[in-house]
Amino acid sequence: MERKKKKIPGKIKNKKETEEGREDTRWKAVSVAVCITVLYYWYISGLFENDIFFSHLSTLERELAFRTEMGLYYSYYKTVAEAPGLMQGVDLLLRDNRTEYPSTINTLQRFNLYPEVTLGVLFRLLRDKLPKSCYTINRGYNQPAVESCVGV
């Protein structure tokens, strides 16, 4: 009597089918992740705008709206972006005496500020190439008009 081979459900016949299936799954996962990221960005920006009317604030008021570490890291980015020279901005981070006064510390290394330095350098390089449009917003009773800019 001859035994029949039992077919196991879900068993893949060859290795090529497995690799193609994994590649399809990866592309689907990346696509879903990108879609979720974009939707989350729109949600958070809308939530932030609706909460404090971010576009109707002056530059100082916008900077004061940053909370906790967000404001700290933004101040380091701004140090690099607005320094007279790029190396002067980086030097201010390497020899910082404002963060832990009176001690002088290397904030670049201590707080891992490499992303902020990278963005500051990119801002300095692209500042003149990117469009910027400004408009004046009347804020109502007893409040001065505010110039609000979109872009860099």
Side-chain angles (χ1 to χ4, degrees), residues 12 14-152:
I12 297 173
N14 61 34
K15 191 175 183 178
K16 189 174 183 180
E17 289 179 12
T18 305
E19 291 172 4
E20 289 174 359
R22 286 182 185 159
E23 190 171 316
D24 289 343
T25 304
R26 285 184 191 136
W27 280 109
K28 289 176 186 175
V30 168
S31 300
V32 168
V34 168
C35 289
I36 289 173
T37 301
V38 169
L39 290 173
Y40 184 70
Y41 168 78
W42 286 338
Y43 170 73
I44 292 297
S45 63
L47 191 65
F48 204 67
E49 175 65 28
N50 292 339
D51 184 33
I52 61 173
F53 301 106
F54 202 67
S55 62
H56 290 72
L57 299 176
S58 68
T59 304
L60 176 63
E61 291 168 332
R62 285 181 189 169
E63 290 174 1
L64 291 173
F66 295 135
R67 298 177 182 106
T68 63
E69 291 88 19
M70 187 175 16
L72 179 70
Y73 285 100
Y74 177 76
S75 73
Y76 294 132
Y77 156 77
K78 191 174 174 184
T79 299
V80 174
E82 293 183 351
L86 174 62
M87 291 313 294
Q88 291 166 331
V90 173
D91 189 51
L92 288 171
L93 296 180
L94 292 174
R95 297 186 190 104
D96 181 25
N97 63 354
R98 295 177 301 158
T99 305
E100 293 183 4
Y101 183 81
S103 301
T104 300
I105 61 171
N106 180 355
T107 53
L108 182 65
Q109 185 179 19
R110 175 119 184 231
F111 297 119
N112 191 23
L113 299 177
Y114 299 106
E116 285 73 17
V117 171
T118 304
L119 289 175
V121 169
L122 284 173
F123 175 77
R124 294 177 72 88
L125 293 173
L126 301 174
R127 175 179 14 205
D128 300 329
K129 295 176 178 84
L130 296 174
K132 178 180 180 180
S133 61
C134 296
Y135 49 93
T136 303
I137 296 175
N138 257 337
R139 298 195 294 174
Y141 304 103
N142 299 326
Q143 291 191 357
V146 173
E147 183 180 68
S148 185
C149 297
V150 177
V152 177

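Contact detail for S45 and W42: the closest heavy-atom pair is OG-O, 3.2 Å. Between T37 and A33, the shortest heavy-atom contact is OG1-O, 2.8 Å. A145 and N138 get closest at one heavy-atom pair: CB-OD1, 3.7 Å. Minimum heavy-atom separation, A83 to Q88: CB-C, 4.4 Å. In terms of heavy-atom proximity, R110 sits nearest to E100 at NH1-OE2, 2.8 Å.
Put simply, the side chain of T107 gets close to the backbone of L93: a donor and an acceptor are under 3.5 Å apart.
For the atom pair CG of D96 and CD1 of I105, the computed distance is 5.5 Å after rounding to the nearest 0.5 Å. To the nearest 0.5 Å, atoms CD (E116) and CZ (F123) are separated by 15.0 Å. In this structure, CG on L72 lies 7.5 Å from CG on L113, to the nearest 0.5 angstrom.
No more than 12 heavy atoms of other residues, nucleotides or ligands lie within 6.0 Å of OH in Y41, so this atom counts as exposed by the packing criterion. M87 CE: 12 or fewer foreign heavy atoms inside a 6.0 Å radius. The environment of CD in Q109 is sparse: at most 12 heavy-atom neighbours from other residues, nucleotides or ligands sit within 6.0 Å.
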CA sep, side-chain torsions, deciding dist, call: T79, R98, side chain to side chain contact (heavy atoms under 4.5 Å, CB included): CA-CA 12 Å; T79 299; R98 295 177 301 158; 3.6 Å; yes

CA sep, side-chain torsions, deciding dist, call: F111, Y73, side chain to side chain contact (heavy atoms under 4.5 Å, CB included): CA-CA 9 Å; F111 297 119; Y73 285 100; 4.0 Å; yes

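Note: Y74 and Y77 have tilted aromatic rings, judged against thresholds of 30 and 60 degrees for the angle between ring planes.
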